[in-house]
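Protein chains get the first letters and strands the later ones, always in sequence-line order, with residue 1 at the start of each. In what follows, every heavy atom counts, from backbone to side chain, and hydrogens, waters and symmetry copies are set aside.
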Number of protein chains: 2
Amino acid sequence: MPNNDNLKLENQLCFRLYSLTKLMNRHYSPVLKQLGLTYSQYLVMLVLWEHNNTRSVVSVKHLGDKLDLDSGTLSPLLKRLEKQDLLSRVRNSNDERSVEIKLTQAGCQLKAQAINIPAQMFSVTGMSIDDLQGLTTQLDTLLTTMKTR
Amino acid sequence: MPNNDNLKLENQLCFRLYSLTKLMNRHYSPVLKQLGLTYSQYLVMLVLWEHNNTRSVVSVKHLGDKLDLDSGTLSPLLKRLEKQDLLSRVRNSNDERSVEIKLTQAGCQLKAQAINIPAQMFSVTGMSIDDLQGLTTQLDTLLTTMKTR
DNA sequence: TGAAATTAGGTTGTGCACAATTTAATTTTT
DNA sequence: AAAAATTAAATTGTGCACAACCTAATTTCA
């Protein structure tokens, strides 16, 4: 039988995730503002920084796969980062459909300024390493399940 | 000492929350589309439905407090719902600064169509009631901590 | 009481997120 | 090889989310 209480805001997992994501963003924003980045731009930079140098190249497609974002989101975002001279966008000569993203010197160097952000944000959670690990595992399970339904 | 791995996407709690929230939204969207609602509009309707009748009244302020949204988000959102004839916006005659939101008949009746959504979404998570309860508790703790820092 | 501070809501501008569509390049199939 | 299908990006349009700012109403208090 349908239960009326199910529709209460307090009983919704999704509302907690929604609220937490907004709250997380509010903690990141002032910190990232010092680097001139938004949270989404920071995520893109994280992927690029994993390749760690100005020679490596990552396609827009790869970024979209990693971050689960489509070109409608990434195209304008990458143009903004290009305008800030953090990266360049060059069409792949082997496959003209693909656009390759490469960090500039400035984009590469920005990593040094971001190095302490994860620890700083972790401290905001007030969690222990073990609790964090536990929560991470649960969220990964949930992500996997929800991706396949 | 700063650890390079901290900047890896896979090690970030925030990225999991961010991804889960988007994924959650993608599961809600097609279901809510049948009611003509977005997820944010659904949240507003949840609050209004808790008051459960066309006589009760909820201020924009109260909605903002409940959902942690400011007038820059709520004002246009409420206008869209008003245009759909789900609610009305009337300035409070006792305090002209305040705007009171009241469900219309249609807005009230829409609740019946939403009654099964929570159970439907719960099934998408693939979780047990106990796991859900456990996760909910952890997220509430995290929300409380992060709100006070 | 009258000035100052606070409060509620609205407006404007920026940046996602994503659906839907378009274009061009590449791959597959016949 | 030509037609059909697929793929990668870009573009357009809608709807948040929020900062910054504005207006008007109310409250506080000197």
Side-chain angles (χ1 to χ4, degrees), chain A residues 14-15 17-30 32-33 35-45 57-84 89-101, chain B residues 14-15 17-30 32-33 35-45 57-84 89-101:
Chain A
C14 60
F15 180 58
L17 290 170
Y18 163 83
S19 299
L20 254 181
T21 298
K22 284 195 303 174
L23 198 49
M24 198 75 85
N25 220 314
R26 282 177 214 165
H27 281 280
Y28 270 99
S29 284
L32 291 175
K33 193 166 194 172
L35 315 202
L37 298 175
T38 65
Y39 180 67
S40 304
Q41 291 168 4
Y42 172 66
L43 290 180
V44 167
M45 295 305 286
V57 127
V58 165
S59 68
V60 174
K61 175 78 169 80
H62 181 252
L63 284 171
D65 289 344
K66 272 280 193 183
L67 301 173
D68 200 10
L69 291 172
D70 72 6
S71 62
T73 302
L74 285 174
S75 288
L77 188 157
L78 290 168
K79 282 186 184 175
R80 270 173 231 123
L81 292 177
E82 186 182 39
K83 201 183 285 182
Q84 290 182 245
R89 293 154 59 249
V90 181
R91 213 156 268 275
N92 182 333
S93 55
N94 290 344
D95 185 343
E96 293 277 353
R97 293 171 304 178
S98 174
V99 168
E100 310 285 14
I101 306 300
Chain B
C14 61
F15 180 58
L17 290 169
Y18 163 84
S19 298
L20 253 180
T21 298
K22 285 194 302 174
L23 198 48
M24 198 74 86
N25 220 313
R26 283 177 213 165
H27 280 280
Y28 269 99
S29 285
L32 291 174
K33 194 166 194 173
L35 316 201
L37 297 175
T38 64
Y39 180 67
S40 304
Q41 291 168 2
Y42 172 67
L43 290 180
V44 167
M45 295 303 287
V57 127
V58 165
S59 68
V60 174
K61 176 77 168 80
H62 182 252
L63 285 171
D65 289 344
K66 274 280 193 181
L67 301 174
D68 199 11
L69 291 173
D70 71 4
S71 62
T73 303
L74 284 173
S75 288
L77 187 156
L78 290 167
K79 282 187 183 174
R80 271 172 229 124
L81 291 176
E82 187 182 37
K83 200 183 283 182
Q84 289 181 247
R89 293 154 61 249
V90 181
R91 212 156 269 274
N92 183 333
S93 54
N94 290 344
D95 186 342
E96 293 277 352
R97 292 171 305 177
S98 173
V99 168
E100 309 285 15
I101 305 300

Participant: Quick check: do B/T21 and A/L20 have side-chain heavy atoms less than 4.5 Å from each other?
Facilitator: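 In short, these two side chains do not touch, never coming nearer than 4.5 Å.
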
Participant: Is any side-chain heavy atom of B/V60 closer than 4.5 Å to a side-chain heavy atom of B/R89?
Facilitator: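 Result no, sub-4.5 Å side-chain heavy-atom pair not found.
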
Participant: What contact category does A/L77 fall into here, base, sugar-phosphate, or nothing, at under 4.0 angstrom with non-hydrogen atoms?
Facilitator: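 Result for A/L77 = sugar-phosphate.
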
Participant: If you assign each of A/D95 and A/Y39 to its closest nucleotide in DNA chain C, which residue comes earlier from the 5' end?
Facilitator: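 Final value for this comparison: A/Y39.
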
Participant: Starting at atom CG of B/L69, determine the distance to atom C1' of D/dA19, rounded to an integer number of angstrom.
Facilitator: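 Roughly 14 Å, once rounded to whole Å.
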
Participant: Establish, with yes or no, whether the OP1 or OP2 oxygen of C/dA17 is under 4.0 angstrom from a side-chain nitrogen or oxygen of A/T73.
Facilitator: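 No, no such contact exists.
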
Participant: Could you tell me whether the phosphate oxygens of D/dA17, OP1 or OP2, come under 4.0 Å of any side-chain nitrogen or oxygen in B/S40?
Facilitator: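 Checking B/S40 against D/dA17: at least one side-chain N or O falls below 4.0 Å of OP1 or OP2.
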
Participant: Can you find a pair of side-chain heavy atoms, one from B/L32 and one from B/T38, that are under 4.5 Å apart?
Facilitator: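 No, too far: nothing below the 4.5 Å cut-off.
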
Participant: Should A/S40 and A/L77 count as side-chain neighbours, where that means a heavy-atom distance under 4.5 Å?
Facilitator: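 They are in side-chain contact.
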
Participant: Is the shortest heavy-atom distance from the side chain of B/L81 to the side chain of B/L37 under 4.5 Å?
Facilitator: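 A side-chain contact exists here, since the closest heavy-atom pair is under 4.5 Å.
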
Participant: In whole angstrom, give the distance that lies between atom CG of B/N94 and atom C1' of D/dA25.
Facilitator: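 To the nearest whole Å, that distance equals 13 Å.
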
Participant: Can a side chain N or O of B/Q41 be found less than 4.0 Å away from OP1 or OP2 on D/dC16?
Facilitator: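 B/Q41 to D/dC16 OP1/OP2: side-chain N or O found under 4.0 Å.
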
Participant: Using whole Å, what does the distance between atom C1' of nucleotide C/dT28 and atom CZ of A/R97 come to?
Facilitator: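 So the two atoms are 12 Å apart, to the nearest Å.
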
Participant: If you compare every side-chain N and O of A/K61 against the phosphate oxygens of D/dA10 (OP1, OP2), does one of them come in below 4.0 Å?
Facilitator: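 The answer is no; no side-chain N or O of A/K61 sits under 4.0 Å from OP1 or OP2.
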
Participant: Please tell me which of A/N25 and A/V60 maps to the more 5' nucleotide of DNA chain D, matching each residue to the nucleotide holding its nearest heavy atom.
Facilitator: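 Its nucleotide being nearer the 5' end, the pick is A/V60.
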
Participant: Picking from D/dA19, D/dA9, D/dC16, which would you name as closest to the side chain of B/D70?
Facilitator: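 So the nucleotide nearest the side chain must be D/dA19.
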
Participant: Using a 4.0 Å heavy-atom cut-off, does B/D65 contact any base of the nucleic acid, only the sugar-phosphate backbone, or nothing at all?
Facilitator: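 No contact.
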
Participant: Using the six-membered ring wherever Trp is involved, compare the ring planes of B/Y39 and B/Y28 and label them parallel, tilted or perpendicular (cut-offs 30° and 60°).
Facilitator: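 The rings of B/Y39 and B/Y28 sit tilted, inter-plane angle from 30° to 60°.
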
Participant: Let me know the distance between CG of A/L63 and P of D/dA9, rounded to the nearest Å.
Facilitator: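 Rounding to the nearest Å, CG of A/L63 and P of D/dA9 are 9 Å apart.
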
Participant: Between D/dC16 atom P and A/F15 atom CZ, what is the distance in whole Å?
Facilitator: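 Checked: the CZ to P distance equals 15 Å.
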
Participant: For D/dC18 and A/K33 - does any side-chain N or O of the residue sit under 4.0 Å from the phosphate oxygens OP1/OP2?
Facilitator: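 Looking at the OP1 and OP2 atoms of D/dC18, neither is under 4.0 Å from any side-chain N or O of A/K33.
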
Participant: Which atom pair, heavy atoms only, marks the closest approach of B/S71 to B/P76?
Facilitator: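 For B/S71 and B/P76, the tightest heavy-atom pair comes out as O-CD, 3.9 Å.
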
Participant: Does A/D68 pair with B/R26 as a salt bridge, N-O distance under 4.0 Å?
Facilitator: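 Looking at A/D68 and B/R26, the cut-off is met.
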
Participant: Can a donor-acceptor pair under 3.5 Å be found between the side-chain atoms of B/S71 and the base atoms of C/dG10?
Facilitator: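 Check passes, donor-acceptor contact within cut-off.
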
Participant: So for the helix from C/dT1-D/dA30 to C/dT30-D/dA1, with five pairs setting each end axis, what is the inter-axis angle to 10°?
Facilitator: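 Comparing the axis at each end, I get an angle of 10°.
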
Participant: For C/dC16 and A/R80 - does any side-chain N or O of the residue sit under 4.0 Å from the phosphate oxygens OP1/OP2?
Facilitator: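 For C/dC16, OP1 or OP2 has a side-chain N or O of A/R80 closer than 4.0 Å.
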
Participant: Give a yes/no on whether any side-chain N or O of A/R26 is located under 4.0 angstrom from OP1 or OP2 of D/dC18.
Facilitator: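 So the side chain of A/R26 is within the cut-off, an N or O lying under 4.0 Å from OP1 or OP2 of D/dC18.
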
Participant: Taking atom types as they are modelled, is there a donor-acceptor pair under 3.5 Å from the base of D/dA8 to the side chain of A/S98?
Facilitator: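 A donor-acceptor contact between them is absent.
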
Participant: Hey, does A/S59 reach any base, or is it just sugar-phosphate, or nothing, if we go heavy atoms under 4.0 Å?
Facilitator: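 If one applies the 4.0 Å heavy-atom cut-off, A/S59 turns out to touch the sugar-phosphate alone, with no base involved.
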
Participant: Hey, does the side chain of B/Y18 come within less than 4.0 Å of C/dA17's phosphate (OP1/OP2), counting only N and O?
Facilitator: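 For C/dA17, OP1/OP2 do have a side-chain N/O of B/Y18 under 4.0 Å.
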
Participant: Over how many whole Å does the gap from B/L74 atom CG to C/dT11 atom C1' extend?
Facilitator: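 Spelled out: CG on B/L74 to C1' on C/dT11 is 14 Å.
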
Participant: Round to a whole Å and report the spacing from CG of B/L43 to P of D/dG15.
Facilitator: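 In whole Å, D/dG15 P lies 16 Å from B/L43 CG.
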
Participant: Report the distance from atom CZ of A/R91 to atom P of C/dT26, rounded to the nearest whole Å.
Facilitator: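 The answer, rounded to whole Å, is 10 Å.
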
Participant: Can you find a side chain N or O atom of A/R89 that sits less than 4.0 Å from OP1 or OP2 on D/dA10?
Facilitator: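 A/R89 to D/dA10 OP1/OP2: side-chain N or O found under 4.0 Å.
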
Participant: Can you tell if the side chain of A/L63 reaches within under 4.5 Å of the side chain of A/L78, non-hydrogen atoms only?
Facilitator: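 Result yes, sub-4.5 Å side-chain heavy-atom pair found.
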
